[in-house]
Each structure stands twice: as C-alpha cells, then as structure tokens.
Student: 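Okay, handing you the structure first.
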Amino acid sequence: MLIIDNKKSLSKIIKKHRSEGNKISLIPTMGNLHQGHQELFASAPDGTIKISSIYVNPLQFNNSDDYDYYPRTLHDDLDVCKKNHIDILYVPDGDISHEIEIENSIDLPKFTRYLCGQTREDHFLGVYKIVKHLFKTIQPDFACFGKKDYQQLLLIKYIAKTYFSNLEIIEVDTVRSNNIALSSRLKRLNNESLEKIKIIYDVLLNMRNQMFDGNDFADIKKDALLEIECHDIRVEYLEHRENDTLELANGQLINSSLFIAYTAENIRLIDNIQI
Ligand code: PAF
C-alpha cells in the first residue's frame, strides 16, 4: 500500500494509473476505521485501483469539541487499510482547507437544510467542499459511501450528478453491531450507554411495523420518544421523510424512511431505516 500525504504526489500517481488504463475507486473516510468502513472498502469494484483517504475535515464540524475529540487512530487504521487491499492511502498532512478551490456562491440543495442541517450549521457545506475537492483531485470512476449518513449520501449523489457525470456512487448498507449502527463516535461512549442505545433500532423497527398497520406517525412518535428518552437518550429529531427529497412524508409510506438523531453522554449519533 502506498501512503501519500500531499496533493502533488497524489495527482502524479493518479496520472500514471490513468495512463495505464486503470479505473479508480475512492473510499473517503475520517479514519477510526470500523466494520462499516470495511464494508465500504469491500464494495469498491474488483480490478479497480482502490484509493482511500483519511482526513478529519475541520470544515464539516460545527462544534470544536466534536472536532478536537474525534477519535484519531491512524496507526490501527493503516493495518485495516492494508488488510482490506487498499492500494493507495491519502492522508493529508495537516489542514488542507486552503487547497480547496470553491465557487463564489454555493447553493446547496434544499434537502441539506432538513434533519441534520437544522442544527449542524455549515456541516453539509463542509462535506460538499471536501468531497468535491477529492473528486476533482482523484477523478474516481467509483466512490463508496454508507447509507447510515443518508443525508450526506444524497448530497454526494447530487455532487456526482451535477459535476462528475462519469462517476458512479456505490451506496453501502449500514453495518450494525448489537443493533447499533456503527459510527466512529461510538468509541466515546461507555458500556452503559452502549447498552442503552441498542434500543434505538428496535424502536425504529417497531415504528415501521405500526406504520404498516395504519397507525398515525404523530401518535407513534409520541410513544417512541417516551420509550427512548427514559433511557437517558435525548432525541434531537425523529422524522418520517421522503427518500429522494427529504420532504416530510405526510403519511406516504412508499419510498420513505424514518430518520433519527440523538445524543447519549453528549455524543450525537444518527440512524435511519427505510420504510
Ligand atoms: O462520512 C465521512 O466520514 C465524511 O463525512 C467524509 C465523507 C469522509 C467527508 O469528510
């Protein structure tokens, strides 16, 4: 595995691979690699040059504590990348925000203002900037992203469709352990909280069943919130929205999902299930 820490060397090696007719898959990450990331790595098509990046992007953090305490485990991550047959790992040295060229005015799609966009100011703008920068620099043929960050996935599909028409986005199912959607932030929870948040997925599944039985979302939500919040979990949002636009689903079950953001021990987590 080749480890690269600067854009110049990265562009050079990509040029070489392109000239040899190789296709490229990109798996961008912020490190602290877990089984969810390994699923992303495994989804990159065989026969392509697999490039991953590890970069905790300051532009997408609206909370400096969250950025400062974001788990950084580069030493272990290198082993995970090697074991998963990553060919090139891009680990920028320091903050690369200054390298990112951006248009004067960025008009993000409306769906970025819902769900996480309501409270995480500029988060999606930060994701947009770094992901577009990586796509521009690496020009991948394929890029893999997880459905756990569903709103991010929609934004990435928007970036690909608008600016990189030859890029195929590979959508990867959420990986769960003990029902909990894997996330790097779980590292910051104690065992007691890890036990408590197992309930989230059960509640979502139960809500889905009740919706199939014709119950009203508002009523189901009331009960779900009571059940979750008595486990010391604070719910930031619990919403039923359309999959493509993230507009409120208003009782329409087809092509919709349940989305939740919650905090346990002050650590914010998200999850979703398709109806
Ligand atoms: O999902 C993530 O880990 C990050 O948001 C991403 C896509 C790597 C951009 O920094």
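Read the numbers this way: they start at 1 and go in the same order the structure lists the ligands and their atoms. Everything quoted here is computed from the prediction, not taken from an experiment.
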Student: Taking 4.0 angstrom as the limit and counting only heavy atoms of Pro28, give me the atoms of ligand 1 inside it, by number and element.
Tutor: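 In order of number, 8 (C).
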Student: Check each of Lys129, Gln152, His133 against atom 6 (C) of ligand 1 and report the one with the nearest heavy atom.
Tutor: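 Minimum heavy-atom distance to atom 6 (C) of ligand 1 goes to Gln152.
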Student: Could you state whether Phe164 and Phe145 fall into the same hydrophobic cluster, counting links through intermediate Ile, Leu, Val, Met, Phe, Trp or Tyr residues with side-chain heavy atoms under 4.5 angstrom apart?
Tutor: yes
Student: Suppose we measure from atom 3 (O) of ligand 1 to each protein heavy atom; which comes out shortest, and what is that distance?
Tutor: Met30 CG, 3.6 Å
Student: Starting from Ile130, can I reach Leu10 by hopping between I/L/V/M/F/W/Y residues whose side chains sit under 4.5 Å apart?
Tutor: yes
Student: Heavy-atom contacts with Ile130 under 4.0 Å: which atoms of ligand 1 show up? List them by number with element.
Tutor: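 By the 4.0 Å cutoff, the relevant atoms are 9 (C), 10 (O).
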Student: Examine Tyr237 together with Phe259 and report whether their ring centres are nearer than 6.0 Å.
Tutor: no
Student: Based purely on interatomic distance, does Gln60 place a nitrogen or oxygen under 3.5 Å from a nitrogen or oxygen of ligand 1?
Tutor: yes
Student: Taking the ring of Phe135 and the ring of Tyr163, is the distance between their centroids below 6.0 Å?
Tutor: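 That pair fails the under 6.0 Å test.
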Student: Below 30° counts as parallel, above 60° as perpendicular, anything between as tilted: where do the rings of Tyr158 and Phe111 land?
Tutor: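 Ring orientation of Tyr158 relative to Phe111: perpendicular.
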Student: Counting heavy atoms only, which part of Thr29 comes closer than 4.0 Å to ligand 1: side chain, backbone, both or neither?
Tutor: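 The part of Thr29 near ligand 1 is the backbone, not the side chain.
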